[in-house]
Amino acid sequence: MPSRRGIFITFEGLDGCGKTTQLSRLAEALRGRGMDVVATREPGGTKIGESIRAVLLDSRTSGLTTWAELALMFADRAQHVKEIIEPALAAGKIVLCDRFTDSTEAYQGYGRELGSDIVRRLHRELCADLWPDLTLLLNSEDGGSVARARTRNQKHDSSEGRFENEDAVFFRRVQRGFEAIADREPNRVVRIPAGSIAKVEVAILGVVEGKFPQLTSRAVLSR
Ligand code: TYD
């Protein structure tokens, strides 16, 4: 594995919890302080990954088995880690990633009931066991966020609705998965309470500055 000088932060949570908005706000704030930020997402983030994303999220994809779904998530991630994340970290950049292996544990491990062990094993074997320095778990008021994501996709005529078409029982299992991960790894995973976009943005910046004092505006100014 290349030496790691950068910082790796991931955003997690149910569909429509607002993580994509928050990721771009944090990216903007850090860039404003002169930091070199790579903002990326899963599935996707590479050319190959965007093709895999289309298969995974398209509501017209039918008959994909749960194991094939899991394998595609990891095919996407293995490519992403090697092509984008590791080189950026080795170059000392800050990598902000919209979803990572915690999503696979929550959605495929808990949601699809494939279990955590296989997810963590595949991560070790296929993704160089690379874990984020910090994971921000955005909370959303019970299930409302999934409905929001569904409406958003309909409004934008997006075909990315395969997961959002799952029922409330599925999303309760996914949420339970995220909670279990946060309980298991309190040093890495920080829960961000739901709130207005501005409030959540402030909360996230506080957590990031607390964990990485070298990123505070004062530290950056005195460099
Ligand atoms: P995303 O684009 O983040 O959707 P949203 O902006 O609505 O949160 O994620 C796409 C979908 O892919 C989402 O429903 C969760 C699912 N997913 C998995 O099931 N497993 C995974 O490992 C990842 C990365 C995503």
Side-chain angles (χ1 to χ4, degrees), residues 8-25 39-46 48-61 64-81 84-85 95-116 118-123 126-127 130-132 135-141 143-168 170-178 181 192 194 197 200:
F8 184 25
I9 301 176
T10 58
F11 287 68
E12 297 284 3
L14 286 181
D15 300 68
C17 66
K19 61 190 167 36
T20 310
T21 307
Q22 293 298 336
L23 188 151
S24 46
R25 293 206 169 198
T40 187
R41 68 170 179 179
E42 291 191 354
T46 63
I48 291 168
E50 290 300 326
S51 306
I52 298 174
R53 179 183 177 94
V55 174
L56 278 166
L57 302 193
D58 194 331
S59 39
R60 290 164 301 188
T61 297
L64 186 67
T65 72
T66 51
W67 291 110
E69 181 180 288
L70 176 69
L72 284 174
M73 290 295 177
F74 270 106
D76 167 71
R77 183 163 303 122
Q79 185 72 28
H80 193 209
V81 164
I84 306 284
I85 302 177
V95 177
L96 305 182
C97 190
D98 195 338
R99 298 195 182 281
F100 196 59
T101 297
D102 295 327
S103 274
T104 314
E105 187 172 350
Y107 282 79
Q108 281 66 50
Y110 279 75
R112 302 286 194 224
E113 301 185 291
L114 298 181
S116 295
I118 180 72
V119 174
R120 294 170 65 74
R121 211 158 70 226
L122 286 170
H123 184 82
L126 304 177
C127 303
L130 173 77
W131 290 99
T135 295
L136 300 157
L137 175 58
L138 270 62
N139 258 318
S140 40
E141 284 104 19
S145 71
V146 178
R148 238 190 345 268
R150 221 173 269 145
T151 318
R152 173 195 62 194
N153 279 349
Q154 279 158 6
K155 232 198 294 187
H156 295 108
D157 199 22
S158 165
S159 52
E160 293 197 339
R162 206 170 66 83
F163 284 97
E164 284 140 23
N165 292 336
E166 293 294 333
D167 61 11
F170 175 84
F171 285 106
R172 268 203 294 279
R173 283 200 300 269
V174 173
Q175 182 59 27
R176 202 152 26 84
F178 280 130
I181 296 166
I192 307 291
I197 291 180
V200 172

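First listed ligand is number 1; within each ligand, the first listed atom is number 1.
Pairing each heavy atom of Phe74 with each of Cys127, the nearest pair is CD2-SG, 3.9 Å. For the pair Phe163 and Leu56, the tightest heavy-atom approach, listed with the atom from each and the gap, is CE1-O, 3.9 Å.
Among Arg162, Glu160, Gln108, His80, the residue whose heavy atom lies closest to atom 19 (O) of ligand 1 is Gln108. Closest heavy-atom approach to atom 2 (O) of ligand 1 among the candidates Arg53, Glu105, Glu166: Arg53.
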If you apply the rule salt bridge (Lys or Arg N to Asp or Glu O under 4.0 Å), what do you find for Arg53 with Glu42, and how did you get there? CA-CA 8 Å; Arg53 179 183 177 94; Glu42 291 191 354; over 6 Å; no
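Under the 4.0 Å criterion applied to side-chain N and carboxylate O atoms, Asp58 and Arg162 are not assigned as salt-bridge partners. In this structure, Glu166 does not pair ionically with Arg172, as no charged nitrogen and carboxylate oxygen lie closer than 4.0 Å.
The closest protein non-hydrogen atom to atom 13 (C) of ligand 1 is Asp15 OD2, 3.1 Å. Ranking the protein heavy atoms by distance from atom 9 (O) of ligand 1 puts Arg99 NE, 3.1 Å first. In terms of protein heavy atoms, atom 22 (O) of ligand 1 is closest to Thr104 OG1, 2.5 Å. Looking only at protein heavy atoms, the nearest one to atom 7 (O) of ligand 1 is Arg152 NH2, 2.8 Å. Met73 CE, 3.2 Å is the protein heavy atom nearest to atom 18 (C) of ligand 1.
With contacts defined as side-chain heavy-atom distances shorter than 4.5 Å, the pair Leu14/Val174 qualifies. Residues Phe170 and Arg112 form a side-chain contact, since some pair of their non-hydrogen atoms from C-beta on lies under 4.5 Å apart. In this structure, the side chains of Arg99 and Phe11 stay at 4.5 Å or more apart for every pair of heavy atoms. Contact check for Ser59 versus Asn165: side-chain heavy atoms found under the 4.5 Å cut-off.
Near Glu164, the atoms of ligand 1 lying under 4.0 angstrom from a non-hydrogen atom of the residue are 7 (O). Taking every heavy atom of Gly16 and a limit of under 4.0 angstrom, the matching atoms of ligand 1 come to 7 (O), 8 (O). Set against the non-hydrogen atoms of Arg77, the atoms of ligand 1 under 4.0 Å away are 22 (O), 24 (C).
Under 4.0 angstrom from ligand 1, there are no non-hydrogen atoms of Arg41. Of the heavy atoms in Leu57, only side-chain atoms (C-beta onward) come closer than 4.0 Å to ligand 1.
Close N/O approach between Tyr107 and ligand 1 is not found [any backbone or side-chain N/O within under 3.5 Å]. Among the atoms of Glu69, none of the N or O lies under 3.5 angstrom from an N or O of ligand 1.
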